[in-house]
Chemist: 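Can you read through this structure? Questions will come right after.
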Amino acid sequence: MHTAHNVDLAPHTTFGVRALCDTLVTVRSTQELAEALESYPEARILGGGSNILCTSDVHGPVIHLRLMGVTKTDTLVTAQAGESWHGLVTWCVERGLGGLENLALIPGTVGAAPMQNIGAYGVEQDACCAGVTVMDRRTRELIRLLPTDCAFGYRTSRFKQEWRNRYVITEVQYRLSNAPDYHVHTEYRDVAEELAARHCSQPSLRDVYEAVVAIRQRKLPDPASIGNAGSFFKNPVVLASQAAALRDVHPQMPTYPQSDGTVKIAAAWLIDQCGWKGYREHDAGVHDRQALVLVNHGTAVGAEILDLANRIQQSVVERFGIPLETEVNVW
Ligand SMILES: Cc1cc2nc3c(=O)[nH]c(=O)nc-3n(C[C@H](O)[C@H](O)[C@H](O)COP(=O)(O)OP(=O)(O)OC[C@H]3O[C@@H](n4cnc5c(N)ncnc54)[C@H](O)[C@@H]3O)c2cc1C
């Protein structure tokens with residue numbers, strides 16, 4: 001276990017905003033995690049920092065999870081929380097194990113994936129999740145949870161709700177497929193178009209993986225060149241009647257009917273309609289190609305980015321009557 005004081009979290013988060021952390025404890029084993037939690041049961045948990053915006057200095061301890069290792073038994077893959085998510089996806093694709101390929105290139109760690117049930121291009125991690133091992137902050141006991149315990153939903157889970165301060169995720173298991181008739185997910189329009197452009201009519205899971213990587217490299221800002229945390233807001237989900245009323249007034253509004261009868265609306269479209277795409281004030285801004293992504297052009301502080309987010313939310317409510325929920329964790 002390594003403890004450091006007055007550490008700038010800028011290099012530890014993809015927004016890259018300056019925030020001094022009192023105490024940063026790096027743990028590399030469950031034993032070290034148990035020791036750290038004994039001293040700091042309320043500590044914040046830091047993975048890859050790709051879904052966090054620090055709006056001021058961080059008072060109180062932060063535990064940086066660096067538990068590493070990936071193993072496989074047949075098609076059951078077990079990955080430790082500190083492993084790179086994209087590294088795990090690549091590892092699985094290289095071994096012909098299908099299920100996670102649509103989630104390639106999502107930044108961050110394995111341990112954070114169940115938190116908001118990461119998803120992209122028509123697939124969410126719960127489609128293959130077989131179990132989540134957690135450490136209880138108070139008892140330091142390791143507990144194996146089933147996916148049904150976790151209440152996974154669209155960018156949410158119990159870990160983001162009532163279990164927020166109860167458990168630390170230490171490892172995640174995925175049941176993947178190496179069956180010859182494994183069905184890749186190409187229903188999402190961007191994926192289908194990319195595969196068609198590559199003249200790939202019978203895509204393998206590697207083809208889908210490569211298509212997703214290419215789409216993401218083209219469309220999403222790389223945090224290595226411009227600070228961001230991906231989508232800042234969730235796509236709002238409304239009742240079918242509200243969506244129909246909105247479409248009467250805004251016929252071009254992109255809407256996606258859900259299996260439970262609700263309708264998802266593209267938050268990026270709402271933000272774009274309010275004129276925010278490409279907006280910049282000092283170094284805080286909205287990406288010029290992806291209105292859902294707030295960016296740090298260099299020296300923005302977290303409070304400026306949060307203030308911009310608040311103004312975007314306010315303008316979307318005023319224009320469309322829809323509250324946008326923040327996806328990024330604000331510290
Ligand atoms: C360019 C870009 C693109 C992105 N695209 C997507 C996308 O397509 N789909 C998507 O879903 N997300 C996307 N994201 C968001 C982000 O990558 C994911 O949410 C990712 O899972 C965060 O992982 P992390 O390790 O960086 O978590 P962190 O940012 O370190 O932490 C996020 C939250 O989880 C908590 N946490 C982290 N690890 C643990 C743990 N082991 N136990 C308990 N709590 C923990 C933290 O305390 C914090 O509240 C994107 C981000 C970026 C920068």
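Order of appearance sets the numbers: ligands from 1, and atoms from 1 within every ligand.
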Chemist: Would Tyr40 and Leu65 show up in the same hydrophobic cluster when neighbours are defined by side-chain heavy atoms closer than 4.5 Å?
Modeler: yes

Chemist: For atom 13 (C) of ligand 1, what's the nearest protein heavy-atom neighbour? Residue, atom name and distance, please.
Modeler: Ile106 CG2, 3.8 Å

Chemist: Show me which atoms of ligand 1 lie under 4.0 Å from any heavy atom of Leu65.
Modeler: 40 (C), 41 (N)

Chemist: Centre-to-centre under 6.0 Å for Trp85 and Tyr174, is that the case here?
Modeler: yes

Chemist: Suppose I only count heavy atoms of Thr14 and a 4.0 Å limit; which atoms of ligand 1 are within that range?
Modeler: 53 (C)

Chemist: Check whether Tyr209 and Leu220 end up in the same hydrophobic cluster, where Ile, Leu, Val, Met, Phe, Trp and Tyr are linked by side-chain heavy atoms less than 4.5 Å apart.
Modeler: no

Chemist: For Ser50, which part has a heavy atom under 4.0 Å from ligand 1: side chain, backbone, both, or neither?
Modeler: both

Chemist: Hey, is Arg155 touching ligand 1 through its side chain, its backbone, both or neither, going by heavy atoms under 4.0 Å?
Modeler: side chain

Chemist: Need the ligand 1 atom indices (1-based, order shown) with element for anything under 4.0 Å from a heavy-atom of Ala120.
Modeler: 8 (O)

Chemist: Taking both backbone and side-chain atoms of Asn51, is any N or O found less than 3.5 Å from an N or O belonging to ligand 1?
Modeler: yes

Chemist: In terms of side-chain heavy atoms, does Asp283 have a donor or acceptor partner in Thr299 at a distance below 3.5 Å?
Modeler: yes

Chemist: So, the side chain of Gln217 versus the backbone of Ala214: is there a donor-acceptor pair under 3.5 Å, distance only?
Modeler: no

Chemist: Measuring from the heavy atoms of Gln116, does anything fall under 4.0 Å of ligand 1?
Modeler: yes

Chemist: Among residues at least two apart in sequence or on other chains, which ones pass side chain to side chain donor-acceptor pair (under 3.5 Å) with Ser50?
Modeler: none

Chemist: What residue and atom, counting heavy atoms only, is the protein's closest point to atom 43 (C) of ligand 1, and at what distance?
Modeler: Ile169 N, 3.7 Å

Chemist: Can you list the ligand 1 atoms lying under 4.0 Å from a non-hydrogen atom of Asn228?
Modeler: 1 (C), 53 (C)

Chemist: Identify the protein heavy atom lying closest to atom 27 (O) of ligand 1, giving its residue, its atom name and the separation to 0.1 Å.
Modeler: Ala112 CB, 3.3 Å

Chemist: Is there a nitrogen or oxygen of Gly48 sitting under 3.5 Å from a nitrogen or oxygen of ligand 1?
Modeler: yes

Chemist: Among the clusters formed by ILVMFWY side chains lying less than 4.5 Å apart, do Tyr167 and Leu33 turn up in the same one?
Modeler: no

Chemist: Tell me the protein heavy atom at minimum distance from atom 20 (C) of ligand 1, and give that distance in Å.
Modeler: Pro107 O, 3.5 Å

Chemist: Which of the atoms in ligand 1, numbered in the order shown and given with their element, are less than 4.0 Å from a heavy-atom of Gly47?
Modeler: 25 (O), 30 (O)

Chemist: Which protein heavy atom lies closest to atom 8 (O) of ligand 1, and at what distance to 0.1 Å?
Modeler: Arg216 NH1, 3.0 Å

Chemist: Numbering the atoms of ligand 1 from 1, which are under 4.0 Å from a heavy atom of Gly49?
Modeler: 24 (P), 26 (O), 28 (P), 29 (O), 30 (O)

Chemist: How far is atom 34 (O) of ligand 1 from its nearest protein heavy atom, and which residue and atom name does that atom have?
Modeler: Met115 CG, 3.6 Å

Chemist: Taking the side chain as every heavy atom from C-beta outward, state whether Leu308 and Phe232 have any pair of such atoms under 4.5 Å apart.
Modeler: no

Chemist: Do ligand 1 and Ala229 have nitrogen or oxygen atoms that lie under 3.5 Å from each other?
Modeler: no

Chemist: May I ask you to check whether Asn117 has an N/O atom sitting below 3.5 Å from an N/O atom of ligand 1?
Modeler: no

Chemist: Would you indicate whether the side-chain heavy atoms of Arg155 and Glu325 approach each other to under 4.5 Å?
Modeler: no

Chemist: Give the atom numbers and elements of ligand 1 that come within less than 4.0 Å of a heavy atom of Gly108.
Modeler: 23 (O), 24 (P), 25 (O), 26 (O)

Chemist: Which residue owns the protein heavy atom closest to atom 46 (C) of ligand 1, what's the atom, and how far is it?
Modeler: Ile45 O, 3.0 Å

Chemist: Under 4.0 Å between a side-chain nitrogen and a carboxylate oxygen: does that hold for Arg218 and Glu194?
Modeler: yes

Chemist: Quick one: do Val132 and Val168 end up in the same hydrophobic cluster if we chain Ile, Leu, Val, Met, Phe, Trp and Tyr together by side-chain heavy atoms under 4.5 Å apart?
Modeler: no

Chemist: Is the shortest heavy-atom distance from the side chain of Arg44 to the side chain of Asn329 under 4.5 Å?
Modeler: no

Chemist: With heavy atoms under 4.0 Å as the rule, classify the contact between Ile118 and ligand 1 as side chain, backbone, both or neither.
Modeler: both

Chemist: State plainly whether one hydrophobic cluster holds both Ile312 and Val301, where clusters connect Ile, Leu, Val, Met, Phe, Trp and Tyr through side-chain heavy atoms under 4.5 angstrom apart.
Modeler: no

Chemist: Atoms of ligand 1 less than 4.0 Å from Pro221 heavy atoms?
Modeler: 1 (C)

Chemist: Tracing side-chain links under 4.5 Å among I, L, V, M, F, W and Y, which residues wind up in one group with Val295?
Modeler: Ile226, Val293

Chemist: Considering only non-hydrogen protein atoms, determine which one is nearest to atom 31 (O) of ligand 1 and report residue, atom name and distance to 0.1 Å.
Modeler: Ile52 CD1, 3.7 Å

